[in-house]
Amino acid sequence: MSEQPKRTLVTSALPYANGPIHIGHIAGAYLPADLYVRYLRARGRDVVWVCGSDEHGAAITLRARKEGTTPRAIVDRYHEEMQEAFTGLDIAFDHYDRTSSKEHHAFAQQFFLDLLEKGAFTEETRQQFFDPVEQQFLADRYIQGTCPKCDHDKAYGDQCEKCGSALSPDELINPVSTLSGATPEMRETTLWYLPMDRHEDWLRSYLEQGELDGSAHHDPKAWKSHVIGQCKSWLDGGLQSRAMTRDLDWGVPVPVEGAEGKVLYVWLDAPLGYITATKNWAERNGADWEPYWKDADTQLVHFIGKDNIVFHCIIFPILLKERGGYLLPHNVPANEFMNLEGDKISTSRNWAVWAKEYVDDFPGRSDEMRYVLASIMPEQKDAEFTWEDFQSRVNNELADVLGNFVNRVVVLTSKYFGGKVPAASGEWTETDVALRDLIAATPGQVGDAIEKFRFRDALQHAMGLVRAGNKYLTEEEPWKVVKQDEQRTADILNLTLQVTANAAIVLAPFLPRTSARMAEAMGTAELPWDAAGGDLVPAGQPLGALPILFEKVTDEQVEAQRAKMGPDAEALGLRDVEPEKPQTTFDDFQAMDLRVAEVVAAEKVKGADKLLQLTVRTGYDERTVVSGIAEHFSPEDVVGRKVTLLANLAPRKIRGVVSQGMVLMASTEDGGLRFVTPEEGAEPGDIIR
RNA sequence: GGCGAGGUAGCUCAGCUGGUUAGAGCGCAGGAUUCAUAAUCCUGAGGUCGAGAGUUCAAGUCUCUCUCUCGCUACCA
């Protein structure tokens with residue numbers, strides 16, 4: 001393939017319609033694709049990006065049974081919800097399809113028949129568990145029993161979740177069907193297998209040398225090391241046959257006589273969804289789909305998470321090559337995983353940031369999440385998302401660096417030049433030239449990085465232009481220069497306006513909404529990528545309105561988001577309290593002298609509503625402590641009580657009385673106070689530690 | 001158990017085919033500044049590059065051993 005492909009087909013992993021989308025999905029397969037595609041579109045390249053819901057597979061039928069509903073109801077629900085989540089984050093597919101559509105079923109069936117005809121499969125009859133009550137064969141996950149390794153009695157047919165060992169259903173002791181509770185029996189079933197070992201040789205040269213059918217196909221060095229590594233690992237181990245059909249009633253029926261009750265394996269059916277989606281896209285847009293999948297001038301790129309590598313780099317290519325006539329992927333820039341607040345993202349533990357919830361909680365602020373996820377994208381290794389980091393990136397980088405820069409440029413221009421772009425003299429100083437060079441260089445740097453799937457790097461370059469703009473303003477001080485030299489002021493502001501307009505272009509893939517606002521503020525339409533690099537706003541052009549580009553994220557918002565995560569708080573009896581203070585050290589704790597003390601006298605402090613003057617006995621002395629508890633306790637209430645005293649607190653004069661310590665109180669939810677009282681038997685002077 | 005990918009400043013991460021004093025952003029300390037969303041800019045402190053051994057004139061960068069994390073997978077590599 002040539003350096004510059006004629007057209008590009010981009011796919012993102014079909015999300016499984018069995019649960020909502022979270023930021024790990026977004027950062028893994030959708031945002032990077034969106035950035036890549038927006039960039040290519042901005043460059044005027046021919047690019048189509050397809051995706052869709054993956055709606056088959058055993059997990060969905062299992063879930064439907066559990067919820068007492070149909071698989072159809074499940075996939076309909078999530079198909080809707082996932083689309084809303086994507087739309088809300090401005091993830092702009094050209095087409096979003098679904099694998100349960102008639103078109104997809106028809107296409108997948110035909111594809112299967114084509115493969116069958118070419119002899120791509122082997123037919124094998126095997127013994128498999130059958131549920132006599134439900135009259136159907138049981139997928140591995142439908143069987144539960146006692147684990148032969150650890151005796152856990154709820155192990156599944158494919159894995160024991162307690163000891164982690166992988167199992168096959170016939171290893172289970174006392175197997176039981178999870179559908180009916182009946183004891184399953186062994187029956188014969190026929191499955192079609194894909195003998196992958198036949199394909200090892202060409203796969204090896206395809207993956208390792210980037211060669212296909214004896215000629216160069218792609219640059220293997222452009223692939224990520226963990227992707228190549230994973231594939232080599234599979235090849236070195238020798239590829240096994242893999243069943244391409246399943247005994248299930250939900251999925252694409254195997255279009256062969258006598259194969260009732262059998263469907264295509266979900267990993268055969270799902271990637272074909274990319275093709276169906278492309279066909280449906282073409283039909284709706286009056287285009288021809290075939291060049292996108294068959295023309296050698298097309299570049300095919302799959303965006304996925306690391307858990308899908310083997311399917312996209314080995315199994316799907318085998319299917320495509322066996323079928324013939326279809327392109328194989330030119331790159332599969334799989335991302336690693338996103339962790340969350342120090343732990344793995346987990347749907348079942350509700351340890352996630354749900355895309356849809358973010359969109360609801362932060363309406364109109366998709367750019368902020370896009371920015372943060374792009375900044376920490378797990379390109380080469382697992383990454384970590386924390387809400388605190390989100391807050392600091394939004395506040396420090398988006399609001400303070402970018403938002404404030406645009407604001408100061410616009411404000412200065414309206415102050416000194418009535419809101420119109422001032423004419424530059426054309427005489428540039430050395431610093432001007434340096435900045436103009438950076439303007440010229442940035443689009444190329446950002447674009448190169450994006451084309452190499454180095455999105456974090458690309459964003460750094462784009463933001464670098466803005467940072468340089470801030471530096472330039474601070475150093476050139478137009479607010480001072482304006483007092484002596486209006487032309488120089490015009491030159492400075494003209495240049496910063498050019499920086500802003502250029503930044504709008506190079507940031508557009510990352511921050512589509514903000515970029516549009518920046519262009520509007522500069523009084524220009526949104527400009528294509530290739531316009532960037534030089535002067536964009538002409539002298540005399542009136543600037544447009546500039547809203548506040550980024551609101552700051554508050555501590556309260558951060559706390560609210562963190563509180564949402566994890567097991568249902570009410571279920572655990574948790575409550576909404578002040579967040580824990582920052583970690584402290586043992587030494588700091590040791591510095592405090594806590595003692596048991598007894599209140600021997602108490603009186604109100606004159607002229608103070610809240611204060612009681614207490615006389616406490618510590619066992620080694622008697623001292624005065626002023627305590628802000630008068631609203632809750634009268635002097636009679638407290639005399640004779642044993643309390644906890646912070647004894648070595650620096651003395652302080654409160655309302656004229658010297659207080660030598662502090663009595664510890666628990667403040668309750670209703671705003672009341674309770675003494676922290678030592679258990680019976682503790683005597684004044686006892687050290688608390 | 002096997003294989004793959006990671007383990008680099010307090011935090012999040014860059015470091016291409018081995019080459020002068022290991023970088024960025026944030027955070028921290030000090031300073032400058034006021035056009036601006038108390039924003040911005042400068043300077044500085046801070047790392048025995050997971051541990052150990054080896055190859056080399058030279059290793060974060062190659063080899064081996066160990067260890068931790070994540071992923072894939074299985075009595076097969």
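The figures here come from the full heavy-atom set of this structure, side chains too, leaving out hydrogens, waters and symmetry mates. Just so we're on the same page: letters track the sequence lines, and every chain starts at 1.
Nucleotide B:G44 is matched to B:C28 when pairs are restricted to Watson-Crick or G-U wobble geometry with both distances under 3.5 angstrom. Within the shown strands, nothing qualifies as a pairing partner of B:U55 under the Watson-Crick or G-U definition with both distances less than 3.5 Å. Pairing of B:A22, defined by two Watson-Crick or G-U wobble distances under 3.5 Å, is not identified with any nucleotide. B:G60: no Watson-Crick or G-U partner with both key distances under 3.5 Å is found in any strand. With a cut-off of 3.5 Å on both pairing distances, B:U34 has no Watson-Crick or G-U wobble partner at all. Across all strands shown, B:A9 forms no Watson-Crick or G-U wobble pair with both distances under 3.5 Å. Look at B:U17: it lacks any Watson-Crick or wobble partner with both distances under 3.5 angstrom. Both distances falling under 3.5 Å, in either a Watson-Crick or a G-U wobble arrangement, occur for no nucleotide opposite B:A39.
Here the separation of B:G46 from B:A29, taken at their C1' atoms, is 11 Å to the nearest Å. For B:C49 and B:A22, the C1' atoms lie 8 Å apart once the distance is rounded to whole Å. Between B:G18 and B:U12, the two P atoms lie 30 Å apart (nearest whole Å). Spacing of P atoms, B:A9 relative to B:G60, comes out at 15 Å, to the nearest Å. Comparing B:C64 with B:U55, their P atoms are spaced 15 Å from each other, to the whole Å.
Residue A:E551 is classed as having no contact, given no heavy-atom separation below 4.0 Å to the nucleic acid. Across all strands, A:K480 comes closer than 4.0 Å only to sugar-phosphate atoms, never to a base (heavy-atom distances). Residue A:L412 is classed as a base contact, given a heavy-atom separation below 4.0 Å to a base. When heavy atoms are screened at a 4.0 angstrom cut-off, A:K471 is found touching the sugar-phosphate backbone but no base atom. Using a 4.0 Å heavy-atom distance criterion, A:E397 is classed as a sugar-phosphate-only contact. As judged by a 4.0 angstrom heavy-atom cut-off over every strand, A:V310 is placed among residues making no nucleic acid contact. Across all strands shown, A:L549 has heavy atoms under 4.0 Å from base atoms, whether or not it also approaches the sugar-phosphate. Residue-level contact check: A:F550 touches the bases, meaning some heavy atom is under 4.0 Å from a base atom. Using a 4.0 Å heavy-atom cutoff across all strands shown, A:K232 reaches no nucleic acid atom at all.
At B:A36, one or more side-chain N or O atoms of A:K415 fall inside 4.0 Å of OP1 or OP2 (strictly under the cut-off).
For A:E551, the CD atom counts as loosely surrounded, since its 6.0 Å shell holds 12 or fewer non-hydrogen atoms of other residues, nucleotides or ligands. Within a 6.0 Å radius of CG in A:D437, more than 12 heavy atoms belonging to other residues, nucleotides or ligands are found.
Of the possible polar contacts, one joining the A:Y30 side chain to the A:A13 backbone as a donor-acceptor pair under 3.5 Å is found.
For A:R246 and A:D269, the salt-bridge test fails: no basic side-chain N is under 4.0 Å from an acidic carboxylate O.
Among the nucleotides B:C13, B:A77, B:A36, the one closest to any side-chain atom of A:R408 is B:A36.
As rounded to whole Å, 17 Å separates atom C1' of B:A14 from atom CE of A:M463.
Because its NZ or CZ atom is not both nearer than 6.0 Å to the ring centre of A:W351 and within 45° of the ring axis, A:K344 does not count as a cation-pi partner of that residue.
One side chain, A:R242 or A:Y265, offers a donor N or O that lies under 3.5 Å from an acceptor on the other.
Donor-acceptor pairing under 3.5 Å, judged by distance alone, is absent between the side chain of A:N404 and the base of B:A39.
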